[in-house]
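For reference, the structure discussed in these notes is given below.
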2 protein chains.
Amino acid sequence: MLQGEKENINTWITRINTDSKAAISVDCVVFGYDETGLKILLIDCDMPPHEGKMSIVGDLVRSDENLDQAATRILEQRTGLANLYMEQVKAFSEPKRHPLGRVITLAYYSLIKIKDYIIVDKEHKQPKWINIEDIGDLAFDHNEIVSTCLESLQKKVREHPIGFSLLPKKFSLMQLQNLYETVLGIELDKRNFRRKLNSLKLLIDLGENQKEVSHRPAKLYSFDFEKYDSKRKKGKLNFEL
Amino acid sequence: MLQGEKENINTWITRINTDSKAAISVDCVVFGYDETGLKILLIDCDMPPHEGKMSIVGDLVRSDENLDQAATRILEQRTGLANLYMEQVKAFSEPKRHPLGRVITLAYYSLIKIKDYIIVDKEHKQPKWINIEDIGDLAFDHNEIVSTCLESLQKKVREHPIGFSLLPKKFSLMQLQNLYETVLGIELDKRNFRRKLNSLKLLIDLGENQKEVSHRPAKLYSFDFEKYDSKRKKGKLNFEL
DNA sequence: TCAAAAGTGTTCAGCGTACACCCATGC
DNA sequence: GCATGGGTGTACGCTGAACACTTTTGA
């Protein structure tokens, strides 16, 4: 359209259907936690010129779904993963980012406990959990997407209690601390960490202990999601680690 | 594509060019500040069924530009505004959000000092600064976009010194405090605010005073962007208001 | 001399940080 | 009895929050 030209409903419809159409995809960085580290789910990429590399899980969005729905559907279709917490992060839109044409992608991340889910290889693309330290050169701009999503995850984990879903319902304080150290990639002081958690008053002491461990058994706790929600509604809550 | 069907390069190209194409737009919430308040730039909407409402400034993305470039171009073309700080916030993607077809939009915001820019009405859509309190019912899902962008702006202003561009180069501490109170929509304590700014050591005392004011003249300061950058690079900086 | 905004200090409570030893259990 | 990880307390410094009066200028 020329600058200053008056638009009408026909020019709009034309433009919507021609000039500016782009393929839209979502790409999802699935972070997985187990007690050995933080990993992400990668699959084989067989699209030229990136054959042989690995990529994160993504696909094109359909015309009858919004992006959140697309992300959920695609992850389920390609890996069997369902009912995940997902968070939209950012659009990646360089015109030449995709070899087969203009594809704008919306990056999402998800965070799960590896043991709770079974990955189904529905497409013979060998989905694998790769430790966050060991990710090599990925297809497309997926390295950039992964690092953007990791930053976003770390910020979120510091500010919201999304980490608790990564632990068993009953967990010890050491498990919790290890979780934060792993996801944030930092070390924390044991005593200070405990005092902090204690001051939040959001853990329920279950009065139970670990069993059959060859050392002093740890006390077990669970997270009080109800109390968290009600405190948050009432306005004042510093969840900040 | 059926689940489990093996993809190849032809199915990909087909899908990229047919099923999943959507029109992509950017919509930009331009926040403008002057000493009377925080405003946003709205234009008349003449697209059915939203004729008569106002809307934020947006348009379709072209195939040869990325989203940041599109946002810059569109704002310049429609309002004459150029060289703005812009920040991508989120995609809005409900399939029926746009009356003329599938349009996924990426929301951006920008923040400027009203006096520094001249708005050019290139399309006879009467661009206007509307106080943030007085925004009525906007076209499309633009009310939702505006409130999402406002939250995002407020978070950014608290954590980064983007507010200083809204003031004259030489400003008083009261002007600075008013700015934060206006943008964040809260009240601040004068003495605590001053102590905080003082402790950051990022203001340069110019040794000058206001003139021709009918009360005690305020001292004037400027913000030390260089020092801010170097402190930030060296790692340790708590800019947090 | 008055109106209007500028400027200034202290106290208190809470929070992050640094740091080292004893405890309970299984083998 | 020893190896292993669990569990605990104190002191210090920084920061945010609350709060009221004096100063300087122009009209």
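Here is how names work: the chains are called A, B, and so on, in the same order as the sequence lines, proteins then strands, and each is numbered from 1. Since this is a predicted model, take the numbers as computed values, not measurements.
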If a pair satisfies ring pair (Phe, Tyr, Trp, His ring centres under 6.0 Å) and one of its residues is in residues 175-221 of chain A, list it, with sequence neighbours excluded.
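Those involving residues 175-221 of chain A do not exist here.
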
Got a sec? Which of residues 205-218 of chain A come in under 4.0 Å of DNA chain C, heavy atoms?
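Val213(A), Ser214(A), His215(A), Arg216(A), Pro217(A) - these, ordered by number, are the residues of the stretch whose heavy atoms sit under 4.0 Å from the strand.
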
For DNA chain C, which residues of residues 168-186 of chain B approach it to below 4.0 angstrom with any heavy atom?
Met174(B)

Nearest-Å distance for atom pair [atom1]/[atom2], residues [X] and [N]:
X	N	atom1	atom2	answer
Asn198(A)	dG7(D)	CG	P	12 Å
Leu197(B)	dT8(C)	CG	C1'	15 Å
Arg158(A)	dG16(C)	CZ	C1'	13 Å
Arg191(A)	dA11(D)	CZ	C1'	12 Å
Phe193(A)	dT8(D)	CZ	P	14 Å
Lys196(A)	dT8(D)	NZ	P	19 Å
Asn192(B)	dC14(D)	CG	C1'	14 Å
Leu220(A)	dG6(D)	CG	P	11 Å

Classify the ring geometry between Phe31(B) and Tyr109(B) as parallel (under 30°), tilted (30 to 60°) or perpendicular (over 60°).
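Phe31(B) vs Tyr109(B) ring planes: perpendicular.
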
Any idea how Phe223(A) and Tyr228(A) line up, ring-wise: parallel (<30°), tilted (30 to 60°), or perpendicular (>60°)?
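Tilted: the ring planes of Phe223(A) and Tyr228(A) meet at 30° to 60°.
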
Filter on salt bridge (Lys or Arg N to Asp or Glu O under 4.0 Å), then keep only pairs touching residues 167-188 of chain B, sequence neighbours left out; what's left?
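Output for this query lists Lys170(B)-Glu208(B).
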
By the salt bridge (Lys or Arg N to Asp or Glu O under 4.0 Å) test, which pairs, at least two apart or in different chains, include something from residues 81-91 of chain A?
Glu87(A)-Lys156(A)

Set of salt bridge (charged side-chain N to carboxylate O under 4.0 Å, His left out) partners for Lys219(B), sequence neighbours left out
Asp205(B)

Determine all donor-acceptor pairs shorter than 3.5 Å in which one atom belongs to a side chain in residues 112-119 of chain B; sequence neighbours excluded.
from, atom 1, to, atom 2, distance (Å)
Lys113(B), NZ, Asp116(B), OD2, 3.1
Lys113(B), NZ, Leu167(B), O, 3.0

Only pairs at least two apart or in different chains count here, so list each side chain to side chain donor-acceptor pair (under 3.5 Å) that has a residue in residues 36-45 of chain B.
Asp34(B)-Thr36(B), Thr36(B)-Lys39(B)

Sequence neighbours excluded, every pair satisfying side chain to side chain donor-acceptor pair (under 3.5 Å) that has a member inside residues 143-152 of chain A
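Qualifying pairs: none.
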
Looking only at N and O atoms, is any donor in the side chain of Arg195(B) or the base of dT8(C) less than 3.5 Å from an acceptor on the other one?
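Checked by distance alone, the answer is no.
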
N/O donor-acceptor pair, side chain Lys190(A) with base dG7(D), under 3.5 angstrom:
yes

Toward the 5' end of DNA chain C, which comes first, Asp189(A) or Arg194(B), by nearest nucleotide?
Arg194(B)

